[in-house]
There are 2 protein chains.
Amino acid sequence: MNHSEINQNIVVALDIVILTIKDNLLKVLLTKRTIEPYIHRYSLPGGIVDEKLSLDEAAKNILKRDTNISDAFLEQLYTFGDLNRDKRGRTISVAYYALIDYSKLNLIPSKKYDEIGWYSLSDIKKMKFAFDHDKIIQIALDRIKNKIEYTNIAFQLLPEKFTLAELQQIYETILETSIDKRNFRKKIAELDMVVELNEYKKMGRMRPAQYYKFKERTKETILKANKWV
Amino acid sequence: MNHSEINQNIVVALDIVILTIKDNLLKVLLTKRTIEPYIHRYSLPGGIVDEKLSLDEAAKNILKRDTNISDAFLEQLYTFGDLNRDKRGRTISVAYYALIDYSKLNLIPSKKYDEIGWYSLSDIKKMKFAFDHDKIIQIALDRIKNKIEYTNIAFQLLPEKFTLAELQQIYETILETSIDKRNFRKKIAELDMVVELNEYKKMGRMRPAQYYKFKERTKETILKANKWV
DNA sequence: CCAAAAGTGTTACAAGTACACCCATGA
DNA sequence: TCATGGGTGTACTTGTAACACTTTTGG
């Protein structure tokens, strides 16, 4: 079969679940659609894939376009390919998810959207979404909840310098549990992934908290060794 | 943007890494191409996605077409979207992987292929592949190696009745380790996922081995609880 | 009675969990 | 001096790993 003979009518879109933590809440970047279909519903940042870009490049471009961030953690999530996802015609969406440090953020409003903003999980429960974007978000949340357990991706949500309480808060927020402070610190020390700095965060009239930084900021690392079952 | 105005020239393909275990070796189903491009190289079963089928349906169809199996474990793996994957034009491939019980197998030879067959990991190392199919296989192997640790997917590689030695062999083959027999049996018993049968497998002049079956044959189950880090 | 794989428990070690008090600061 | 979050160690429980012998069968 020659490629030019293929008469396949599928549009390839790409959507990104961009996550951050602000005020101890996990938040998703969403836009409110101003055009049909699904006008006035919320949707993920995304677009049609430019055929001259690889999927990873296309994802980077969208992230840059909507957040002005170009070095975040960005990973493919899943490809959504049900029929009738999009009323306009057959469309599959390659979904990605990104984790960004809120302090690095610089939102770029787009003409296409009248609202672009961060919404917490409790906001999301009440909202109506375009396409299957609620499902995409749910799968992204499941993924990060799972992945934070055995990798160091929590890094991506923090600035260069952070306190151990801040790091712990990231875990608690994502896993929706509380963690014992002493056990947490013991484990982090064992993992040998952070270095203490000689700087302290002053917070009102409390004892200042020591700042730490990650040894390897960018690289995703598997922390847990495999056991056989 | 109206869908009909989109002039995007990307072909959506779908490839499946079909895995089984035979003679204590993990094997992949491959075909040798008889047409250009990549003539005489090995490739995964797959094809162009029919726009009238969802991705999951398309994957099922291909699995059925090439193995005549319709109830196997089949899960989306990853979507490969680099430029120049296919010399003929821009193509992305939504890859799936499947685990099947070799004893259920009934290969359907296709005109398109002059050889369709099972190849072990040691075979694969020496072979030349079409497209990026070597990369796809590697990612499927990584996935199953990881997933066998915390789910019951090993089920899918065994027939209804099996002995504990056979189950253990599946784990040993996939994880490429040896496991202590007593510890393995203890763990399997704790997981409460198998039931003993009053049937025994006779094997020459050795003591017969008791047959077991899985409690829930079809459902994928998460076996390991999440810890916080 | 021999060869071959099936089957079975206990001990030692590592990892995870639970838990309570002192410290440093600014108001 | 007091209120607040930062910072620390130890005992207990659970899970994992190491290890050797008896059983059943057919030839």
Side-chain angles (χ1 to χ4, degrees), chain A residues 21 23-24 146 148-152 154 158 161-173 175-213 222-229, chain B residues 23-24 146 148-152 158 161-173 175-213 222-229:
Chain A
I21 289 191
D23 304 330
N24 295 338
N146 188 38
I148 200 179
E149 305 266 356
Y150 64 92
T151 68
N152 62 356
L158 287 169
K161 298 187 299 184
F162 54 88
T163 68
L164 291 182
E166 287 164 351
L167 180 60
Q168 181 174 344
Q169 187 59 57
I170 298 280
Y171 279 87
E172 292 184 333
T173 299
L175 296 174
E176 298 175 279
T177 52
S178 59
I179 301 172
D180 179 89
K181 206 202 300 187
R182 282 165 292 191
N183 293 339
F184 181 81
R185 286 164 185 246
K186 200 191 310 171
K187 189 59 158 285
I188 295 296
E190 275 166 19
L191 293 174
D192 193 35
M193 58 189 210
V194 297
V195 186
E196 56 181 15
L197 303 175
N198 279 324
E199 292 179 69
Y200 294 83
K201 182 178 189 180
K202 291 188 180 166
M203 299 168 300
R205 59 187 193 174
M206 289 81 88
R207 172 176 177 176
Q210 188 163 20
Y211 273 120
Y212 287 74
K213 66 169 186 179
I222 305 293
L223 302 175
K224 262 191 191 169
N226 279 349
K227 302 288 168 60
W228 61 267
V229 65
Chain B
D23 304 330
N24 294 339
N146 189 38
I148 200 179
E149 304 269 352
Y150 65 92
T151 69
N152 63 355
L158 286 169
K161 300 187 298 183
F162 54 87
T163 68
L164 292 181
E166 287 164 352
L167 180 60
Q168 181 173 344
Q169 187 60 55
I170 299 281
Y171 279 87
E172 292 184 333
T173 299
L175 297 174
E176 298 176 279
T177 52
S178 59
I179 302 171
D180 179 90
K181 206 201 302 186
R182 281 165 292 189
N183 293 339
F184 180 82
R185 285 162 185 247
K186 201 189 310 168
K187 190 58 157 287
I188 294 298
E190 274 167 21
L191 292 174
D192 194 33
M193 57 189 212
V194 297
V195 187
E196 56 180 16
L197 303 175
N198 279 324
E199 292 180 67
Y200 294 84
K201 183 178 188 181
K202 292 189 180 165
M203 299 168 300
R205 57 188 196 174
M206 289 80 88
R207 173 176 177 177
Q210 190 163 19
Y211 273 120
Y212 287 74
K213 66 169 186 178
I222 305 292
L223 302 174
K224 263 191 190 169
N226 278 351
K227 303 287 169 60
W228 59 268
V229 66

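By convention in this document, chain letters (A, B, ...) are assigned in the order of the sequence lines, proteins followed by strands, and residues within each chain are numbered from 1.
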**Prompt:** Between B/R185 and B/A165, what is the shortest heavy-atom contact and its length?
**Reply:** NH2-N, 4.2 Å
Tell me, do [X] and [Y] make a side-chain contact under 4.5 Å, heavy atoms counted?
| X | Y | value |
| --- | --- | --- |
| B/L164 | B/Q168 | no |
| B/K186 | B/N183 | yes |
| B/I188 | B/M193 | yes |
| A/L167 | A/Y212 | no |

Spacing between [X] atom [atom1] and [N] atom [atom2], to the nearest angstrom:
| X | N | atom1 | atom2 | answer |
| --- | --- | --- | --- | --- |
| A/I188 | D/dT8 | CD1 | C1' | 16 Å |
| B/N183 | C/dG7 | CG | C1' | 14 Å |
| A/F184 | C/dA15 | CZ | C1' | 17 Å |
| B/Q169 | C/dA6 | CD | P | 10 Å |
| B/Q210 | C/dG7 | CD | C1' | 10 Å |
| B/Y200 | D/dT24 | OH | P | 10 Å |
| B/I179 | D/dT16 | CD1 | P | 13 Å |
| A/E190 | C/dT17 | CD | C1' | 13 Å |

**Closest nucleotide among C/dG7, D/dT4, C/dC19 to the B/R207 side chain** = C/dG7
**Asked** For the side chain of A/A209, counting heavy atoms from C-beta on, which of D/dG5, C/dG16, D/dG7 is nearest?
**Response** D/dG7
Give a yes/no answer on whether the side chain of [X] brings an N or O atom under 4.0 Å of OP1 or OP2 in [N].
| X | N | answer |
| --- | --- | --- |
| B/K181 | C/dG7 | no |
| B/R182 | D/dA18 | no |
| B/R185 | C/dG7 | yes |

**Request:** Could you say whether B/R205 or B/Y212 is positioned toward the 5' end of DNA chain C, judged by the nucleotide with the nearest heavy atom to each?
**Result:** B/R205
**B/K186 or B/L164, whichever maps to the more 5' nucleotide of DNA chain C** = B/L164
**Contact nearer the 5' end of DNA chain D, comparing B/K202 with A/A165** = A/A165
